[in-house]
Amino acid sequence: TTASQAFYVGTPPADLISAIASYGQQGVPAVQYQRWTGGGWSSRLTGPSLSAPPVWQVMKANPIRDERVLAVVDEQRRLTLHVWNGQSWLGGLQAAASTGLARPTQTVDVAFESASGRGMAVYGTTNSTTLRYRIWDGTSWSAEALIEDFVNGQMTGGLPLWVRLESRPGTNALVLV
C-alpha cells in the first residue's frame, strides 16, 4: 500500500467562491471531492477519472473567477492537469507519462497570475534536470515548454525533488522555488 498525500483544499478569496476539497481513496482511480456550500460540506463526489489511484494532488484557485487548476500524480507517477470551471471538471491533460521518482513528492505545483487569471503548472519529469511548464489561458493548455535550469549563470545538475510556485498579489508575477 502507498501512504499518500492525496488531499488538498483549494480556497479562493472568501467573497468570491466556495472552497473545494479534493482527495484520493485507496484503490480508486479517480479524484474524490467535496464542495463547501457556506453551510457545510457537500456529500462526496467523484471527480476526474485517472489511470491509477492518486498519491499526490495540489490545487489552486483563480483569484478573479470561479476556476481551479488541479494537478494529480497517480500511483504510476503519471501527471494529469484538470480544471474546475465553477460547475464541473474539464477533461484532464496528461502532462507527463512519469514524474520518474521512486516516491511521490511535490514535483509539480500550480499557481495563477493575480491580474490576468492565467494558470501555470510547473513539473519535473523522468531523468531530467530541466523543469517543464504549461499555461492555462482560461480555455486550453499551452504546449509544454522548458524552464532554463541556470542558477547564477551555472547549469544545475540535480533532479528536482520539490517544486513550489507562488503568485505575487495584484500582478502577473510568479516565483518558482
Side-chain angles (χ1 to χ4, degrees), residues 2-75 78-96 99 104-123 133-142 162-177:
T2 303
S4 60
Q5 183 280 332
F7 178 85
Y8 198 84
V9 178
T11 52
D15 61 342
L16 187 60
I17 47 179
S18 62
I20 293 180
S22 67
Y23 50 93
Q25 183 177 346
Q26 189 171 8
V28 177
V31 172
Q32 307 293 310
Y33 73 101
Q34 291 177 261
R35 295 182 69 187
W36 178 258
T37 60
W41 289 100
S42 69
S43 60
R44 180 186 313 177
L45 302 164
T46 300
S49 294
L50 306 169
S51 298
V55 293
W56 187 271
Q57 298 182 46
V58 61
M59 177 173 41
K60 302 271 179 75
N62 190 318
I64 62 175
R65 62 181 172 267
D66 189 1
E67 179 178 78
R68 290 167 187 71
V69 168
L70 172 66
V72 181
V73 178
D74 68 23
E75 286 182 350
R78 284 180 292 259
L79 169 63
T80 53
L81 302 172
H82 309 273
V83 176
W84 172 261
N85 68 4
Q87 300 297 318
S88 61
W89 293 101
L90 302 178
L93 170 71
Q94 182 171 318
T99 59
T105 61
Q106 189 171 338
T107 56
V108 59
D109 204 2
V110 296
F112 282 94
E113 296 172 339
S114 296
S116 73
R118 290 189 328 160
M120 177 183 261
V122 174
Y123 50 94
Y133 72 95
R134 291 178 185 261
I135 302 288
W136 172 255
D137 65 8
T139 305
S140 62
W141 287 101
S142 70
W162 193 270
V163 174
R164 177 89 186 239
L165 190 61
E166 291 292 332
S167 64
R168 182 176 184 189
T171 73
N172 286 333
L174 299 174
V175 64
L176 173 63
V177 180

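Trp56 contributes atom CH2, which lies 5.0 Å from atom CD of Gln106 (distance to the nearest 0.5 angstrom). Put simply, CG on Leu45 and OG on Ser88 are 12.0 Å apart, with the number rounded to the nearest 0.5 Å. With values rounded to the nearest 0.5 angstrom, Thr46 atom OG1 is found 8.5 Å from Gln25 atom CD.
Within the structure, no pair that satisfies the salt bridge (charged side-chain N to carboxylate O under 4.0 Å, His left out) test touches residues 29-58, not counting sequence neighbours.
Met59 is not listed as a side-chain neighbour of Trp84, based on a closest heavy-atom distance of 4.5 Å or more. Residues Lys60 and Val69 have side chains not in contact (no heavy-atom distance under 4.5 Å, counting atoms from C-beta outward). Residues Val122 and Asp109 have side chains not in contact (no heavy-atom distance under 4.5 Å, counting atoms from C-beta outward). Considering only heavy atoms from C-beta on, Arg168 stays 4.5 Å or farther from Val175 through its side chain.
Minimum heavy-atom separation, Pro29 to Ser51: CB-C, 4.2 Å. Smallest separation of non-hydrogen atoms from Leu70 and Ser22: CD1-OG, 3.7 Å. Among all heavy-atom pairs drawn from Pro169 and Ser167, the shortest one is CD-O, 3.5 Å. Taking both residues in full, the closest heavy atoms of Ala115 and Gly170 are given as CB-O, 4.2 Å, listed atom of the first, atom of the second, then distance. Closest non-hydrogen pair, Val58 versus Val108, comes out as CG1-O, 3.9 Å. Closest of all the heavy-atom pairs between Pro63 and Phe112 is CD-CB, 3.6 Å.
Scanning for side chain to side chain donor-acceptor pair (under 3.5 Å) contacts around Trp89 gives an empty result, with sequence neighbours left out. With sequence neighbours left out, the side chain to side chain donor-acceptor pair (under 3.5 Å) criterion links Ser114 to no other residue. Partners of Gln32 under the side chain to side chain donor-acceptor pair (under 3.5 Å) rule, at least two apart in sequence or in another chain, do not exist in this structure. A search for side chain to side chain donor-acceptor pair (under 3.5 Å) contacts involving Tyr123 returns Arg134, Glu144, not counting sequence neighbours. With sequence neighbours excluded, the residues satisfying side chain to side chain contact (heavy atoms under 4.5 Å, CB included) with Glu113 are Ser116, Arg118, Asn172, Leu174.
Under the side chain to side chain contact (heavy atoms under 4.5 Å, CB included) test applied with Arg68, the options Val83, Asn85, Asn62, Ile20 reduce to a single match, Ile20.
Of the possible polar contacts, one joining the Gln34 side chain to the Ser42 backbone as a donor-acceptor pair under 3.5 Å is found.
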*Apply side chain to side chain contact (heavy atoms under 4.5 Å, CB included) to the pair His82 and Leu50, showing each step before the final yes or no.*
CA-CA 11 Å; His82 309 273; Leu50 306 169; 3.7 Å; yes
